[in-house]
Protein chains: 2
Amino acid sequence: MTGQQWTARFAGLARLAPQTQQILLEKSAVIDVPAGTTIFGPGNSPENMLFLLDGSVRVQQTSETGHEIVLYRIHAGQSCVLTTACLLAYEDYSAEGICETDIQAAAIPRAVFDELVAQSKEFRDFVFAAFSKRITDLFLMIDEVAFQKMDVRLADKLIALSGGQDSIATTHQKLSVELGTAREVISRQLQEFQRRGWIEQGRGCVNLINRTALAGLAGQQH
Amino acid sequence: MTGQQWTARFAGLARLAPQTQQILLEKSAVIDVPAGTTIFGPGNSPENMLFLLDGSVRVQQTSETGHEIVLYRIHAGQSCVLTTACLLAYEDYSAEGICETDIQAAAIPRAVFDELVAQSKEFRDFVFAAFSKRITDLFLMIDEVAFQKMDVRLADKLIALSGGQDSIATTHQKLSVELGTAREVISRQLQEFQRRGWIEQGRGCVNLINRTALAGLAGQQH
DNA sequence: AAGATTCGGTGACATTGTCACCAAACGATG
DNA sequence: CATCGTTTGGTGACAATGTCACCGAATCTT
């Protein structure tokens, strides 16, 4: 992947005017970052707005009590809205972004971003749509954290993390961070799922045996 | 309050170029809405972006299980970011905005908003700062809902709702919606605060007796 | 092979959420 | 004023979840 013409690969950017795409291509740098890197976090504000070309970034937060929770993920074709937000508002991050895979991203300088927002209605719509989606997703997350039962949330998360595969490489500890709960809660719930024959467990992995049953629980609303 | 020159009254807008302020003043309509009105919600998307000149709007969400939770409030000088978001992203609202007081607002048509974002760097900064603040506040709320103890959250909320006064006109039910919990939980916790001599209760009101003690609990982080 | 670390299991208990009631206060109405 | 319905808040039992203090087994390091 050379990075040339990357604007054409994503629906949100391909509809930009040719000269707008040209500015993006000319004035941004394509960078590669290895998995595990913290690309932004407290005391580490990037100079540029990142547009993710390949890979995924996990955004999570650590509370003052030491509890962690995953807020969302950024995938290829998405911009890091929090980066954008903090670039523009001069605020400290309250969250950190960790590369879950090796990633490739376009680094767009602040001034270029501002110029594009001013010049291109399509780019404005892209940016505001990203903000909007992020906020409404956070609304849904608040609803889930506040009101959804843990078994439903865990079933939901297992389906989401499986990505169509039947085996998930993760630990109880990592799952507890995904949902903002305690490791013991995950252990008990997975035992219950196993007792029902919906999953099988190994050290560091969970195998989905009955995806339909899990999806049924996840789909329930109360 | 005539509404003339309202742009000058708010720090975020007063620094706009005079011609930008002129566009805002000329192309937006100042409207008055009585307390209790739902200014936006599912199936009720406003045509305009609202900029609040006076009063406050409570934004809350009802889950599919019927549980309610207050997400945030919009006060004078703030724009309704969710309105903005949905104007620009064509999405359905997942939340509703209810006037807590009689309000006065400037209704800015979508096209005018877009024009201002394109023309004025100061306006862009204002809008993105509002989005950024909203998102980081939602991060804090997720952290609080997921990890903070209920007594701390309630003490915090009582201080916030008091607005410096020593008497709060509210019900246990309303407080439970503020925190996304059950009425019984609020009742028990308020009884405990009363037992400690921190508050006194009347039907439909809570009187703060020992604000310092409440603030101390609210300030604790674990 | 030995020691350290990670991973997961377990029981006891505290906190919070849910449910099914109840009674008192309040408001509307005749 | 008397009555009725609604709102508000109190209560106990129980379920779900969070917290704490452990433990042993698997894995990794050296």
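Just so it is clear, the structure is predicted and the values come from calculations on it, not from any experiment. Chain letters run A, B, ... following the sequence lines, proteins first, then strands; residues in each count from 1. The basis for the numbers below is simple: all heavy atoms, side chains too, and nothing from hydrogens, waters or symmetry mates.
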Peer 1: In whole Å, what is the span from the CE atom of B/Met150 to the C1' atom of D/dT19?
Peer 2: 16 Å
Peer 1: Report yes if a side-chain nitrogen or oxygen of B/Ser187 is closer than 4.0 Å to either non-bridging phosphate oxygen (OP1 or OP2) of D/dG9; otherwise report no.
Peer 2: no
Peer 1: Can you identify which nucleotide, out of D/dG10, C/dG9, D/dG18, has its nearest atom closest to the B/His172 side chain?
Peer 2: D/dG10
Peer 1: Nearest of D/dT17, C/dG9, C/dT18 to any side-chain atom of B/Arg188?
Peer 2: C/dT18
Peer 1: Would you kindly compare A/Cys205 and B/Arg203 by the position of their nearest DNA chain C nucleotide and give the one closer to the 5′ end?
Peer 2: A/Cys205
Peer 1: Check every atom of D/dG10, D/dT19, C/dC19 against the side chain of B/Glu184 and return the nucleotide holding the closest atom.
Peer 2: C/dC19
Peer 1: Over how many whole Å does the gap from A/Leu175 atom CG to C/dG8 atom C1' extend?
Peer 2: 12 Å
Peer 1: In this structure, how many angstroms lie between the P atom of D/dG9 and the CD atom of B/Glu200, rounded?
Peer 2: 15 Å
Peer 1: According to a strict under-4.0 Å criterion, is A/Thr171 in side-chain N/O contact with OP1 or OP2 of C/dT6?
Peer 2: no
Peer 1: Would you say a side-chain N or O of B/His67 is under 4.0 Å from OP1 or OP2 of C/dT18?
Peer 2: yes
Peer 1: Given atom CZ of B/Phe147 and atom C1' of C/dA14, what is their separation to the nearest angstrom?
Peer 2: 18 Å
Peer 1: Please check if the side chain of B/Gln61 supplies one atom and the backbone of A/Phe139 the other of a donor-acceptor pair under 3.5 Å.
Peer 2: yes
Peer 1: Pick base, sugar-phosphate or nothing for B/Gly180, based on heavy-atom distances below 4.0 Å to the nucleic acid.
Peer 2: nothing
Peer 1: Just the rounded figure in Å: distance from C1' of C/dG9 to CD of A/Glu192.
Peer 2: 15 Å
Peer 1: Please identify which of these residues, B/Glu184, B/Arg183, B/Gln201, meets the side-chain hydrogen bond (donor to acceptor under 3.5 Å, both in side chains) condition with B/His172.
Peer 2: B/Gln201
Peer 1: Could you state the atom-to-atom distance from CZ of B/Arg153 to C1' of C/dT16 in whole Å?
Peer 2: 11 Å
Peer 1: Look up atom CZ in B/Phe147 and atom CD in A/Glu64, then write down how far apart they are to the nearest 0.5 Å.
Peer 2: 12.5 Å
Peer 1: D/dA16, D/dG10, D/dG9: which one has an atom nearest the side-chain heavy atoms of B/Gln191?
Peer 2: D/dG10
Peer 1: Does the side chain of A/Arg153 come under 3.5 Å of the side chain of A/Thr181 through a donor N or O and an acceptor N or O?
Peer 2: no
Peer 1: For A/Asp151 and D/dA15, give me the distance from atom CG to atom C1', rounded to whole Å.
Peer 2: 12 Å
Peer 1: As a test of reading the structure: which of D/dT17, C/dT16, D/dG9 is closest to the side chain of A/Lys149, going by heavy atoms?
Peer 2: D/dT17
Peer 1: Please determine whether any donor N or O and acceptor N or O are separated by less than 3.5 Å between the side chain of A/Arg183 and the base of C/dG9.
Peer 2: yes
Peer 1: Take the angle between the ring planes of A/Phe126 and A/Phe51 and call it parallel below 30°, perpendicular above 60°, tilted in between.
Peer 2: tilted
Peer 1: Can you tell me how far C1' of C/dT15 sits from CD of B/Gln189, to the nearest Å?
Peer 2: 10 Å
